[in-house]
Amino acid sequence: MRRASDEQNVGVAGLRKAGYHHGNLKEALVSAARVLILEKGPHGFSLIEAARLANVSPAAPYRHFKDKDALLAEVARRGYEKFSNQLEAAWNDVAPDRLTALKRLGHAYLEFALTQKAYYAAMFQAGVSNLDNPSLKDSVDCAHGTLSTIISEIKAKDSAGRSIPAEAILFHIWSLAHGAATLRQAGGIPALSQHQMLDLGVELYLKGLKMLD
């Protein structure tokens, strides 16, 4: 079952009508940033525009964010948390075999990219550094920790009996999912086939590594 889209989760029209009414300022600004990322991309708006959409003064965002990068970092932080949870849930779901498990991992990545577009853009397109942002770094480390746990369960050897680095296998499947998501967003893949194409790519890749008969 497909998840609700990011546009539905943000509620673009609703936010534009409602604005901010003495509620949680930080939440209102994050929601505004997500809307603006969807409309203009992570580099296409200013902190003042986020304040305007949240219906607060231009100075209000500085109570929580020193600049636009700090706001984008908060969106990215939340994205990494969701990303980690979705990957973990996909991998821990009952899978009858390794192929199915790895396909589910690829699907989780693809679904996140396609349904959480604002978070995905803040994470992978905004270019925000986590070096000076401990909370973002913690979320990135958490996601990497989830991947490390998954990696430790992947065992494979090539035709000569040599061990294949699990990190390489996961990276290549991640790349397949990222490529499918990028092509889909660019209109290069029909809407109903990106998951099928990802499945085929994963299967061919694993067969090439002799992980499948």
Side-chain angles (χ1 to χ4, degrees), residues 1-10 24 26-27 29-31 33-35 37-38 41-42 64-65 69-95 97-156 165-182 184-185 194-195 198-199 201-202 205-206:
M1 181 176 67
R2 293 182 64 83
R3 299 179 180 87
S5 70
D6 197 49
E7 291 88 341
Q8 290 172 323
N9 291 336
V10 175
N24 189 320
K26 186 174 183 179
E27 292 298 322
L29 291 168
V30 169
S31 294
R34 291 172 62 200
V35 170
I37 289 171
L38 289 172
H64 296 285
F65 306 106
D69 280 351
L71 175 56
L72 286 173
E74 175 61 17
V75 178
R77 182 191 69 79
R78 298 181 186 207
Y80 274 107
E81 288 184 350
K82 290 178 177 288
F83 180 62
S84 178
N85 290 337
Q86 288 186 206
L87 290 178
E88 186 173 2
W91 186 258
N92 289 335
D93 199 4
V94 178
D97 54 63
R98 182 165 46 192
L99 172 61
T100 302
L102 289 171
K103 281 182 177 179
R104 286 180 180 173
L105 189 65
H107 281 286
Y109 183 96
L110 183 56
E111 280 294 298
F112 185 87
L114 296 178
T115 65
Q116 303 293 334
K117 295 178 183 178
Y119 286 128
Y120 187 80
M123 292 160 60
F124 299 115
Q125 299 171 14
V128 177
S129 172
N130 61 27
L131 297 179
D132 298 321
N133 192 311
S135 61
L136 175 57
K137 185 178 185 303
D138 286 345
S139 292
V140 173
D141 289 345
C142 180
H144 288 170
T146 299
L147 291 173
S148 295
T149 299
I150 292 170
I151 287 171
S152 69
E153 299 180 27
I154 301 175
K155 307 294 181 183
E167 292 89 346
I169 295 172
L170 192 61
F171 174 79
H172 290 151
I173 292 175
W174 186 329
S175 297
L176 287 171
H178 187 85
T182 301
R184 175 69 189 97
Q185 290 174 347
Q194 68 265 18
H195 289 279
L198 178 59
D199 282 349
V202 171
Y205 174 70
L206 296 181

Check against side-chain contact (heavy atoms from CB on, under 4.5 Å), Trp91 and Gln86: CA-CA 9 Å; Trp91 186 258; Gln86 288 186 206; over 6 Å; no
Working for side-chain contact (heavy atoms from CB on, under 4.5 Å), residues Val140 and Cys142: CA-CA 5 Å; Val140 173; Cys142 180; over 6 Å; no
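A pairwise comparison of heavy atoms in Ile37 and Leu72 identifies CD1-CD2, 3.7 Å as the closest pair. Contact between Ala33 and Val75 at its shortest, heavy atoms only, is CB-CG2, 4.0 Å. Minimum interatomic distance between Ala90 and Ala108 (heavy atoms only, all atoms of both residues): CB-CB, 3.6 Å. Here the closest heavy-atom approach between residue Ala73 and residue Val128 is recorded as CB-CG1, 3.7 Å. Of all heavy-atom pairs between Ala76 and Ala122, the closest is CB-O, 3.7 Å. Across all non-hydrogen atoms, the minimal contact from Phe65 to Val30 is CZ-CG2, 4.3 Å.
The distance between the ring centers of Phe83 and Tyr109 falls below 6.0 angstrom.
With Leu105 as the fixed residue, the side chain to side chain contact (heavy atoms under 4.5 Å, CB included) test singles out one of Thr100, Leu110, Leu170: Leu170. Considering Lys82, Gln125, His178 in turn, His178 is the only one that fulfils the side-chain hydrogen bond (donor to acceptor under 3.5 Å, both in side chains) rule with Tyr120.
Applying the side chain to side chain contact (heavy atoms under 4.5 Å, CB included) rule to Phe171 yields the partners Ser175; only residues at least two apart in sequence or on another chain are considered. In this view, Glu74 and Arg77, Arg78 satisfy the salt bridge (Lys or Arg N to Asp or Glu O under 4.0 Å) rule, not counting sequence neighbours. Listed by chain and number, the residues in a salt bridge (Lys or Arg N to Asp or Glu O under 4.0 Å) with Lys137 are Asp141 (sequence neighbours excluded). Listed by chain and number, the residues in a ring pair (Phe, Tyr, Trp, His ring centres under 6.0 Å) with His172 are Tyr205 (sequence neighbours excluded). Partners of Thr146 under the side chain to side chain contact (heavy atoms under 4.5 Å, CB included) rule, at least two apart in sequence or in another chain, are Ser84, Leu87, Glu88, Ile150.
By the 4.5 Å heavy-atom criterion applied to side chains, Ser135 and Asn133 are counted as neighbours.
Taking CZ of Arg34 as the reference point, atom CG of Leu71 lies at 11.5 Å (rounded to 0.5 Å). Atoms CG and NZ, from Leu198 and Lys103 in turn, are 9.0 Å apart once rounded to the nearest 0.5 Å.
Listed by first then second residue, pairs satisfying salt bridge (charged side-chain N to carboxylate O under 4.0 Å, His left out) with a partner in residues 165-175 number zero, not counting sequence neighbours.
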